[in-house]
Protein chains: 2
Amino acid sequence: MATIKDVSKLAGVSVATVSRYLNKNGYVSKEAAATISAVIDKLNYRPNNIARSLAGMKTATIGLMVPDILNPFFPELARSIEDAANEYGYTVMLCNTDNDSLKEQKYIDTLLQKQVDGIIISSYTIEPEHLNGLQKQSIPVVLMDNVFSNDSVVSFTVENRRGGELAVEHLLTQGCSKIAHICGPLTITSSRERTAGFEDASRRTDWFTPSLIGYSDFTVNGGYSTMKELLALHPNLDGVFASNDLMAAGALKALQEAGKRVPRDVKVIGFDGIGLEMITPELSTIAQPIYELGKTAMDSLVGLIRKEPDIVTDRVFPVTLIAKQSTMNE
Amino acid sequence: MATIKDVSKLAGVSVATVSRYLNKNGYVSKEAAATISAVIDKLNYRPNNIARSLAGMKTATIGLMVPDILNPFFPELARSIEDAANEYGYTVMLCNTDNDSLKEQKYIDTLLQKQVDGIIISSYTIEPEHLNGLQKQSIPVVLMDNVFSNDSVVSFTVENRRGGELAVEHLLTQGCSKIAHICGPLTITSSRERTAGFEDASRRTDWFTPSLIGYSDFTVNGGYSTMKELLALHPNLDGVFASNDLMAAGALKALQEAGKRVPRDVKVIGFDGIGLEMITPELSTIAQPIYELGKTAMDSLVGLIRKEPDIVTDRVFPVTLIAKQSTMNE
DNA sequence: CTGAAAGCGCTAACAG
DNA sequence: CTGTTAGCGCTTTCAG
């Protein structure tokens with residue numbers, strides 16, 4: 001492994017000159033540049049980033065904390081963030097926290113020790129006080145999908161509540177007259193908001209009754225069993241809004257097993273807009289602009305890192321209705 | 001940000017002692033340990049890992065290169081690797097290569113410069129010569145799913161060929177008498193092997209004909225359209241083996257659209273064993289032991305890093321048939 | 001335009 | 001059991 005010293009020696013210049021050449025800052029004569037370049041090629045020299053980091057106090061690495069990369073929402077987010085990070089020259093450390101506060105703390109610690117330049121956190125469970133360590137080190141943080149109203153942390157979400165409303169409105173438009181709702185964990189802010197949206201739109205109808213709301217957990221199997229319960233309670237329901245696509249898929253399964261035809265007998269809509277093309281009928285959904293969300297988070301984080309004055313902060317992204325087969329009138 | 005120096009000063013000992021205390025090597029008196037511990041708490045001191053890395057020549061970080069985290073196979077792999085890495089105290093840098101040779105090269109370079117302790121590569125496109133840089137730096141590498149027979153790189157795969165055979169055998173057992181095959185990209189070794197397995201088992205039957213093999217690309221949509229073509233060619237086929245689960249899901253969709261009932265009219269089996277519970281009917285598959293694969297890769301990488309003598313190398317993992325609804329006889 | 005030198009924060013001999 | 005010291009490889013003043 002050649003070092004900058006080797007290069008400087010062989011090129012007959014000082015390490016400072018090589019460093020200047022490498023970083024394209026400061027003056028380096030044409031001739032010097034040429035020989036240095038040649039020597040670098042010859043030695044196949046590559047700067048050691050660790051040393052660079054130690055000297056320059058920046059690592060060009062960011063941490064990405066997500067609950068669980070197995071949940072298909074997060075690969076999409078991770079991908080968009082990685083792409084954006086890549087363009088900025090950053091590398092991404094992936095951390096699965098499993099919504100486990102302890103793991104979260106541990107990872108924050110690790111990332112801090114590894115001197116990452118910033119962290120993007122998508123967490124259901126994180127609390128303002130968990131961020132104390134970060135605030136103290138004044139390391140840039142961007143939060144996804146979990147807003148601390150009282151707080152100064154930059155964060156991005158989508159119009160969850162409006163989305164829930166939109167879902168119901170769409171089902172109504174498609175002719176539904178008894179809509180059930182499969183809601184996600186009540187511990188999750190965005191989940192609660194989606195359910196609030198459902199209530200906003202359904203409270204003003206004559207068919208609404210609280211028992212149309214079933215409680216679940218954002219998983220396929222959860223959606224499946226909650227759907228079964230709902231079906232037992234309300235055999236004549238004709239529409240379902242699930243707070244995420246995974247549960248909607250589970251609901252679909254339960255409905256089909258119960259002999260209900262989707263969309264003819266019951267229409268189903270989910271939330272998130274993850275790519276679930278493998279499902280028949282294709283699932284209508286309230287889509288989040290996941291890619292944009294990730295990209296914006298990264299843009300904002302870089303702004304924070306570079307201490308740019310006017311970074312984007314606390315944006316709430318719009319959601320869009322994507323109508324597919326599962327809510328269609330044949 | 002307190003440093004080891006601050007701690008040593010305040011504790012009235014030398015940095016060496018603090019370092020010894022931190023690393024639990026060498027002797028530190030009970031009293032010294034106590035005061036150091038107190039000072040660390042008071043200062044909220046955390047060792048700077050970058051400095052540690054520079055001094056100790058190890059970063060406790062590994063790189064993970066995958067084609068695309070959006071393909072549901074890779075989150076599972078990534079998760080298992082991250083879990084294992086975590087246990088060993090390693091952090092994972094995630095790199096999406098998109099099967100793009102240039103991106104791969106670029107990432108290898110970046111990881112090298114960041115001085116990662118090792119790299120796990122899952123790539124369809126990587127060639128032995130791309131690994132030259134690594135070999136030269138003698139940095140540990142473990143390959144997944146892409147074996148260079150001629151080469152000395154540690155790599156793990158599964159019994160792809162046997163799996164293909166197994167799939168056909170299962171369909172035959174279930175009563176199929178005309179089985180089509182949706183094969184994946186021919187550029188991918190494991191894909192070719194699965195198809196070879198299909199041929200092994202089907203060549204010896206009387207119904208086999210080459211036009212029963214349709215060429216596709218490992219995606220849902222690819223499986224969908226290839227299935228349509230196969231159906232046009234062989235309307236009376238009664239079994240389908242797709243080289244991965246995503247294509248199998250696409251095939252299912254095409255079959256259902258064509259009015260075929262699965263499994264009654266046509267039975268379908270995939271490959272990989274990714275969690276696709278959202279599909280109805282549930283998909284039979286030839287499952288890879290993904291979690292174990294990732295775990296073993298990490299174990300092996302750590303063995304390489306630590307230069308342990310007897311590391312696991314070049315294992316071929318067995319696959320297992322998981323029979324679900326899609327190949328069931330009702 | 002260039003070089004010497006002082007760190008960045010930590011580890012690891014080595015000498016007490 | 002403890003302290004001194006020499007780096008790890010690079011960046012960055014600050015004089016030339």
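In what follows, every chain begins at residue 1, and chains take the letters A, B, ... in the order their sequences are listed.
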Counting distance only, does the side-chain N/O of B/Ser155 pair as donor-acceptor with the main-chain N or O of B/Met144 below 3.5 Å? no
Under 4.0 Å, counting only non-hydrogen atoms across every strand here, what does A/Tyr21 touch: a base, just sugar-phosphate, or nothing? nothing
Taking only residues two or more places apart in sequence or in another chain, which ones pass side chain to side chain contact (heavy atoms under 4.5 Å, CB included) with B/Val154? B/Val142, B/Phe156, B/Ser300, B/Leu304, B/Ile311, B/Thr313
Please check: side-chain N/O of B/Asn71 versus main-chain N/O of B/Phe73, any donor-acceptor pairing under 3.5 Å? yes
Does anything in residues 23-34 of chain B come within less than 4.0 Å of DNA chain D? Heavy atoms only, and list the residues if so. B/Tyr27, B/Val28, B/Ser29, B/Ala32
Hey, where on DNA chain D does chain B first and last touch, going 5' to 3'? Cut-off is any atom under 4.0 Å from a heavy atom. D/dC1 to D/dG9
If only atom types and distance count, is the side chain of A/Thr97 paired as donor or acceptor with the main-chain N or O of A/Glu104 below 3.5 Å? no
Kindly state each residue pair satisfying salt bridge (charged side-chain N to carboxylate O under 4.0 Å, His left out) with at least one member in residues 36-63 of chain A, sequence neighbours excluded. A/Arg46-B/Asp109
So, B/Asp145 side chain and B/Thr157 main chain: donor-acceptor pair closer than 3.5 Å or not? no
If the condition is salt bridge (charged side-chain N to carboxylate O under 4.0 Å, His left out), which residues does A/Glu308 pass it with, not counting sequence neighbours? A/Arg306
With sequence neighbours excluded, give me every side chain to side chain donor-acceptor pair (under 3.5 Å) pair touching residues 290-299 of chain B. B/Asp83-B/Tyr291, B/Tyr88-B/Asp299, B/Lys295-B/Asp299
Side chain to side chain contact (heavy atoms under 4.5 Å, CB included) partners of B/Asp98, counting only residues at least two apart: A/Arg79, B/Asp68, B/Asp100, B/Lys103
Are the side chain of B/Glu82 and the backbone of A/Asn96 linked by a donor-acceptor contact shorter than 3.5 Å? yes
Output the residues of residues 106-114 of chain B in contact with DNA chain D, where contact means a heavy atom of the residue under 4.0 Å from an atom of the strand; sort by number or write none. none
Between A/Val13 and B/Asn49, who's closer to the 5' end of DNA chain C by nearest nucleotide? A/Val13
A/Glu76 (side chain) donor-acceptor with A/Gly275 (main chain) under 3.5 angstrom: yes
Any side-chain donor-acceptor pair under 3.5 Å between B/Thr61 and B/Lys114? no
Students should find that the nucleotides of DNA chain C closing off the region near chain A, any atom under 4.0 angstrom from a heavy atom, are C/dC1 to C/dG9
Give every donor-acceptor pair under 3.5 Å between a side-chain atom in residues 29-39 of chain A and any protein atom, sequence neighbours left out.
residue, atom, partner, partner atom, Å
A/Ser29, OG, A/Ala32, N, 3.1
A/Thr35, OG1, A/Glu31, O, 3.2
A/Thr35, OG1, A/Ala32, O, 2.8

Measure from the side-chain N and O atoms of B/Asp117 to the backbone N and O of B/Ala60, and report whether any donor-acceptor pair falls under 3.5 Å. yes
Angle of first-five versus last-five pair axes in the helix from C/dC1-D/dG16 to C/dG16-D/dC1, to 10 degrees: 40°
On DNA chain D, more 5' by nearest nucleotide between B/Val15 and B/Ala51 is B/Val15
Contacts of B/Asn49 that satisfy side-chain hydrogen bond (donor to acceptor under 3.5 Å, both in side chains) - sequence neighbours left out: none
